[in-house]
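Each chain gets a letter, A, B and so on, in the order its sequence line appears, and its residues count up from 1.
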Number of protein chains: 2
Amino acid sequence: MRVLEHPDVEEIRLEAVLHALSDPMRLEVVRFLATTENGAACSEIDLAVSKSTGTHHYRVLREAGVINQVYQGTSKINSLRRADLDELFPGLLDSVVSAATRRPRR
Amino acid sequence: MRVLEHPDVEEIRLEAVLHALSDPMRLEVVRFLATTENGAACSEIDLAVSKSTGTHHYRVLREAGVINQVYQGTSKINSLRRADLDELFPGLLDSVVSAATRRPRR
DNA sequence: CGTTTTGTACGACGTTCATCGTAGTACGAG
DNA sequence: CTCGTACTACGATGAACGTCGTACAAAACG
């Protein structure tokens, strides 16, 4: 429990990002993180699933290159990789987040 | 074999669209259709899979609301639901298509 | 009519996925 | 050192997915 694997910028694949964003839970996480400036701990984002499932979704987002995760005490701080995503897929994150925000969680 | 079911505009869900776009084959179809003005028949888009699999992918795209399909003789003409998608998720289609075009098929 | 073209329906197969519960680990506080 | 908090690892389970082959259907053309 110390270092977390993140894909390099050039390793981020569009398909993986789209897949990561295609789940309601993960979309909600991204939508929430988009409203924060310095990220948020997993426990701050209230998902209606068990903790195991939560961990799973955060990992999918991290391994797709959508979020960054760093340990801070017993917590794990999540933040969007906004700069990386904007460089690779300009406009994508913004359009997804604003669409997800406009049409609230179903 | 005559009428094809399409979701109404208000039935199109962001998650379903993102999921539909998260497959390399389907992304290739969308990328191709984005370059055409009046759509294209399934047979015009050369996918490296069997016909059955092709049919499957077209159906996923149609049921997610990404493409429109109409019969024309023995062919089926596919076209992007660009206006509907732009209305629901402004900027999404453009950013995905241009990202998919810039980074060629894996 | 028969043939060709184009796409479908159905069933199968192996993989990936979302979900959970249980048990466990790392860290901070007392 | 012990306890609580926050998250993980592992295994299980049922559902969805991508793929295919075979058999079929509808339309166009001879």
Side-chain angles (χ1 to χ4, degrees), chain A residues 1-6 13-30 32-33 36 38-64 66-79 105-106, chain B residues 1-6 13-30 32-33 36 38-64 66-79 105-106:
Chain A
M1 207 196 206
R2 230 161 49 252
V3 181
L4 287 162
E5 284 282 318
H6 290 76
R13 290 179 27 234
L14 176 59
E15 296 91 334
V17 171
L18 293 172
H19 173 246
L21 296 175
S22 71
D23 181 276
M25 301 281 171
R26 296 194 288 260
L27 204 46
E28 172 62 19
V29 170
V30 170
F32 182 93
L33 288 180
T36 72
N38 297 313
C42 299
S43 51
E44 293 180 62
I45 311 174
D46 199 31
L47 297 180
V49 289
S50 73
K51 278 201 300 173
S52 324
T53 305
T55 298
H56 162 70
H57 286 310
Y58 285 108
R59 182 172 40 211
V60 172
L61 286 169
R62 186 189 73 236
E63 292 179 347
V66 178
I67 66 174
N68 206 288
Q69 298 191 293
V70 288
Y71 280 109
Q72 190 163 297
T74 68
S75 298
K76 203 161 65 169
I77 305 299
N78 308 279
S79 55
R105 56 250 120 186
R106 29 170 299 104
Chain B
M1 209 196 205
R2 228 162 50 252
V3 182
L4 288 162
E5 285 282 318
H6 291 77
R13 290 178 28 236
L14 175 59
E15 297 91 333
V17 171
L18 292 173
H19 172 246
L21 296 175
S22 71
D23 180 275
M25 301 282 171
R26 297 194 288 259
L27 204 46
E28 172 62 17
V29 170
V30 170
F32 183 92
L33 288 179
T36 73
N38 297 312
C42 300
S43 52
E44 294 180 62
I45 311 174
D46 198 31
L47 296 180
V49 290
S50 73
K51 276 199 303 175
S52 325
T53 305
T55 298
H56 163 69
H57 287 310
Y58 285 108
R59 182 170 41 209
V60 172
L61 286 169
R62 186 188 72 235
E63 292 179 348
V66 178
I67 66 174
N68 206 287
Q69 298 191 294
V70 289
Y71 281 109
Q72 190 163 297
T74 67
S75 298
K76 204 160 65 170
I77 305 300
N78 309 280
S79 55
R105 55 247 119 188
R106 37 165 296 108

**Request:** Please state how far atom CD in A:E5 lies from atom P in D:dA9, giving the value in whole angstrom units.
**Result:** 12 Å
**Asked** Heavy atoms under 4.0 Å, any strand shown: does B:T55 hit a base, just sugar-phosphate, or nothing?
**Response** base
**d(CD, A:E15; P, C:dC17) in whole Å** = 13 Å
**Asked** Could you state the CG-P distance from A:L4 to D:dA6, rounded to the nearest angstrom?
**Response** 18 Å
**Prompt:** Do the side chains of B:V29 and B:N78 get nearer than 4.5 Å, heavy atoms only?
**Reply:** no
**Message:** Measuring from atom CD of A:E28 to atom CG of A:L33, what distance do you get when rounded to the nearest 0.5 angstrom?
**Reply:** 9.5 Å
**Asked** Can you list the residues that meet the side chain to side chain contact (heavy atoms under 4.5 Å, CB included) rule with A:S22, with sequence neighbours excluded?
**Response** A:H19, B:L18, B:H19
**Message:** Can you build the contact string for nucleotides 18-23 of chain D? Use B for base contact, S for sugar-phosphate-only contact, and - for no protein heavy atom under 4.0 Å.
**Reply:** SBBBB-
Listed pairs, N/O of protein and of nucleotides 12-14 of chain C, under 3.5 Å:
none

**Asked** With sequence neighbours excluded, what pairs up with B:I77 under the side chain to side chain contact (heavy atoms under 4.5 Å, CB included) test?
**Response** B:A41, B:V70, B:Q72
**Prompt:** Got a second to check how far B:S43's OG is from B:K51's NZ, nearest 0.5 Å?
**Reply:** 10.0 Å
**Message:** Test of understanding: with side chain to side chain contact (heavy atoms under 4.5 Å, CB included), list the residues that count as partners of A:H6, not counting sequence neighbours.
**Reply:** A:L4, A:R62, A:N68, A:Q69, A:R81
**Item:** CD1-NE2 distance between B:I45 and B:H57, expressed to the nearest 0.5 angstrom
**Value:** 12.5 Å
**Message:** Applying side chain to side chain contact (heavy atoms under 4.5 Å, CB included), can you list everything that pairs with B:S52, at least two apart in sequence or on another chain?
**Reply:** B:S50
